[in-house]
Structures are given as structure tokens and as C-alpha cells.
> 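Have a look at this one.
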Amino acid sequence: MSKAAPKKTAAAPPPAGFTLDINDPQVQNAAIRIQASYRGHRSRKELKEKGPPRVLQNLTDVVLIEGSAAKLECRISAFPDPFIRWSKDGKELKDGPKYRYVFEDPDIVALVVRDAGLPDLGKYTISVKNPFGECFDSARLLVEVPAKIEKGPDSTKAKKGSTVNLTAHISGQPAPDVGWAKDGVDIEEDDRVYFNIGSDSTTLTIKKVTPEDAGKYEIFVENSLGVDESFARLDVI
């Protein structure tokens with residue numbers, strides 16, 4: 001005895017407000033827009049031809065205060081995806097704690113320099129390379145450092161008629177202004193008493209020392225970020 005075929009249950013009607021009429025003009029217009037958008041997306045993708053990379057937005061110089069982080073950023077175009085290399089003054093930089101390679105989206109690349117100081121001053125270059133070619137771009141990192149006396153002059157004793165050199169080691173970016181004073185009065189330079197200023201030091205020279213040259217000598221350094229001073233005594237014997 002054969003079993004009766006199970007009865008088909010009629011599909012439940014959709015809830016109110018969830019019906020879709022394909023003949024509705026608004027529905028047809030929405031479908032046309034979706035198709036056009038998809039065709040446009042395909043066209044843009046297909047138009048992305050293989051070729052050498054290009055820099056679309058250049059690197060720019062960065063100025064920052066000592067101890068902060070710097071970010072050098074540019075926008076590139078490359079297909080297939082390129083190999084990125086950063087260098088400073090011709091020396092390649094490795095991705096790590098100090099220098100961080102950043103890829104923010106498919107065409108934005110950046111280099112972050114952490115805890116920047118005077119040694120980080122220089123020219124930074126990005127190399128963008130794929131099988132079809134290579135392009136480059138460069139910018140400078142400028143670090144501002146408060147004026148500072150790293151080591152002040154040493155107190156000394158000198159014989160009458162001898163020559164004395166008082167030297168202080170200094171730092172700062174922009175390069176600081178330097179001044180010397182004796183017993184609180186600015187030194188007026190002449191052929192016998194004068195000072196020189198180098199990249200990281202300054203030296204006060206006193207020729208043919210006399211007893212009147214004995215006293216307290218002060219060195220001052222100043223730039224837009226700070227001021228520093230130090231002193232030493234000169235005794236004439």
C-alpha cells in the first residue's frame with residue numbers, strides 16, 4: 001500500500017513592508033545605479049595598468065623639537081605593489097624601534113623617526129621600486145634643540161705674561177648666540193682678548209695675561225628655545 005505524498009505547505013507571505021516589486025520604477029532605477037557603479041569599479045580596476053611607480057604627493061621638510069617624533073609622508077602610485085626602502089644621507093634605515101615604516105593605505109607611505117635629536121638631522125630619501133622601474137623623493141628633517149652648555153670652562157691659574165684659553169662645549173639648533181663676560185661685564189674683543197665660536201665649542205683667548213685679568217669669566221649661549229650659562233675663575237700668579 002503506497003503512502004500518500006506529503007502535502008506541500010504554502011510559503012508564508014512576507015511581512016508587511018518587505019515586498020519588492022521589480023516593476024516599480026524606483027526599484028528599476030536603483031538597479032541601474034548599482035550596475036553602473038559596478039561597471040565603473042571594474043573599469044577603474046582594469047585601467048590600473050602595470051608600470052613603473054610614481055610619487056603623487058611629495059615629501060615635505062619636517063621641523064620638530066628635540067625628543068619628539070617626526071613623520072615623513074608621501075603618496076605614491078605603483079602596480080604591482082612596490083618594495084619600499086628609506087635611507088638617511090645615503091644610508092639605508094632598518095624598520096625597528098628607532099625608525100618605523102608605516103603603510104596607512106594602499107598609496108600612503110611614511111617613515112616615523114622616534115625620539116629625534118641632533119644626530120637625526122639630515123636628508124631622508126624614499127625609494128619606491130617594482131619590476132617596471134624605480135622612483136625617489138627626498139626631504140629634510142630639522143630638529144630644534146634648546147641652547148645648552150654641555151661642558152663649561154675649567155677654572156685655571158696662569159702666570160703673568162702667558163696665554164690662557166677658556167673653552168666651553170656647546171650645543172643648540174638653531175645655532176646659539178654666544179657671549180663672554182668678566183665679572184658681570186661683557187667682554188669687548190681686541191687683539192689681546194677675543195673669542196672664537198665653532199660648531200660645538202667656543203674658546204676665550206687671553207694673551208699676555210696681567211694681574212687685572214684675574215676674575216670670574218662667564219659664558220652665555222642663547223637661541224629661540226632656551227638660554228644657558230656657565231663660569232670659571234682665572235687666577236694670575
> Hey, does I170 have a side-chain heavy atom less than 4.5 Å from the side chain of D200?
no
> I'd like to know whether CD of E188 has more than 12 heavy-atom contacts from other residues, nucleotides or ligands below 6.0 angstrom.
no
> On a heavy-atom basis, which atom in L59 and which in A139 lie closest, and how many Å separate them?
CB-CB, 3.6 Å
> Is it true that a side-chain atom of D137 and a backbone atom of N58 form a donor plus acceptor pair closer than 3.5 Å?
no
> List the steps, then state whether side-chain contact (heavy atoms from CB on, under 4.5 Å) holds for R100 with D95.
CA-CA 5 Å; R100 188 66 179 169; D95 186 23; 3.4 Å; yes
> Is S87 reaching over with its side chain to a backbone N or O of L93, donor-acceptor style, under 3.5 angstrom?
no
> Write down the atom of L141, the atom of A70, and the distance for their closest heavy-atom approach.
CD1-CB, 3.5 Å
> Mind checking whether V62 and L142 sit in one hydrophobic cluster, side chains of I, L, V, M, F, W, Y counted as touching below 4.5 Å?
no
> Under a single-linkage definition using a 4.5 Å side-chain heavy-atom cutoff for Ile, Leu, Val, Met, Phe, Trp and Tyr, are W86 and V143 assigned to the same hydrophobic cluster?
yes
> Is it true that E134 and R85 have a side-chain N and a carboxylate O under 4.0 angstrom from each other?
yes
> Using a strict threshold of under 4.0 Å (side-chain N to carboxylate O), is an ion pair present between E66 and K148?
no
> Could you tell me whether the side chain of C135 reaches within less than 4.5 Å of the side chain of P52, counting heavy atoms only?
no
> Using side-chain contact (heavy atoms from CB on, under 4.5 Å) as the criterion, point out the one residue from V55, V128, D107, L56 that pairs with S77.
L56
> Evaluate the side-chain proximity of I108 to V102: yes if any heavy-atom separation is below 4.5 Å, no if none is.
no
> Looking at P80 and F132, what are the two nearest heavy atoms and their distance?
CD-CE1, 3.6 Å
> More than 12 heavy atoms of other residues, nucleotides or ligands under 6.0 Å from CZ of F231: yes or no?
no
> Please check this pair: side chain of S68 against backbone of I65, looking for a donor-acceptor N/O pair closer than 3.5 Å.
yes
> Would one find more than 12 heavy atoms of other residues, nucleotides or ligands at under 6.0 Å from atom NZ of K88?
yes
> For residues I206 and I187: do they belong to one hydrophobic cluster (side chain heavy atoms under 4.5 Å, members Ile, Leu, Val, Met, Phe, Trp, Tyr)?
yes
> Quick check: is V193 connected to W180 through a chain of hydrophobic side chains (ILVMFWY, heavy atoms under 4.5 Å apart)?
yes
> Working note: R233 + K216, criterion side-chain contact (heavy atoms from CB on, under 4.5 Å); need CA distance, chi angles, decisive distance, verdict.
CA-CA 5 Å; R233 285 203 61 83; K216 179 182 177 182; 4.0 Å; yes
> Please tabulate, for side-chain N and O atoms in residues 109-124, each donor-acceptor pair with protein atoms closer than 3.5 Å (sequence neighbours left out).
{"residue": "R114", "atom": "NH1", "partner": "P97", "partner atom": "O", "Å": "2.9"}
{"residue": "D120", "atom": "OD2", "partner": "K98", "partner atom": "NZ", "Å": "3.0"}
{"residue": "D120", "atom": "OD2", "partner": "G117", "partner atom": "N", "Å": "2.9"}
{"residue": "Y124", "atom": "OH", "partner": "D120", "partner atom": "O", "Å": "2.9"}

> Hey, could you give me the CD1/NZ distance between I237 and K160, rounded to the nearest 0.5 Å?
13.0 Å
> Taking D213 as the fixed residue, which of K208, R192, K207 is the one that meets the salt bridge (charged side-chain N to carboxylate O under 4.0 Å, His left out) rule?
R192
> Between P53 and N130, which heavy-atom pair has the shortest distance, and what is it?
CD-OD1, 3.4 Å
> Side chains of C74 and I126: does their closest heavy-atom pair fall under 4.5 Å?
yes
> Between the main-chain N or O of A232 and the side-chain N or O of D154, is there a donor-acceptor pair closer than 3.5 Å?
no
> Within the distance-only criterion (no hydrogens, no angle test), does the side chain of N223 pair as donor or acceptor with the backbone N or O of A147 below 3.5 angstrom?
yes
> Hey, could you give me the CD/CG distance between E218 and D186, rounded to the nearest 0.5 Å?
9.5 Å
> side-chain contact (heavy atoms from CB on, under 4.5 Å), that's the test. Do F195 and I219 meet it? Break it down for me.
CA-CA 11 Å; F195 57 89; I219 164 69; over 6 Å; no
> Check whether any side-chain heavy atom of L234 lies under 4.5 Å from a side-chain heavy atom of T156, and answer yes or no.
yes
> Take I84 and F103, measure what side-chain contact (heavy atoms from CB on, under 4.5 Å) needs, and give me the verdict at the end.
CA-CA 10 Å; I84 303 295; F103 303 89; 3.7 Å; yes
> Closest heavy-atom contact between D183 and A214?
OD2-O, 4.2 Å
> Say you draw a straight line from OG1 of T203 to CG of N165; how long is it, rounded to the nearest 0.5 Å?
6.5 Å
> Report the distance from atom NZ of K151 to atom OG of S230, rounding to the nearest 0.5 Å.
9.0 Å
> Working to the nearest 0.5 angstrom, can you tell me the gap between T125 OG1 and L72 CG?
10.0 Å
> Hey, is the main chain of V209 close enough, under 3.5 Å, to the side chain of K159 for a donor-acceptor pair?
no
> Under 4.5 Å between side-chain heavy atoms, hopping through other hydrophobics if needed: is there a path connecting F220 to V178?
no
> Is there a side-chain contact between D61 and V63, using heavy atoms and a 4.5 Å cut-off?
no
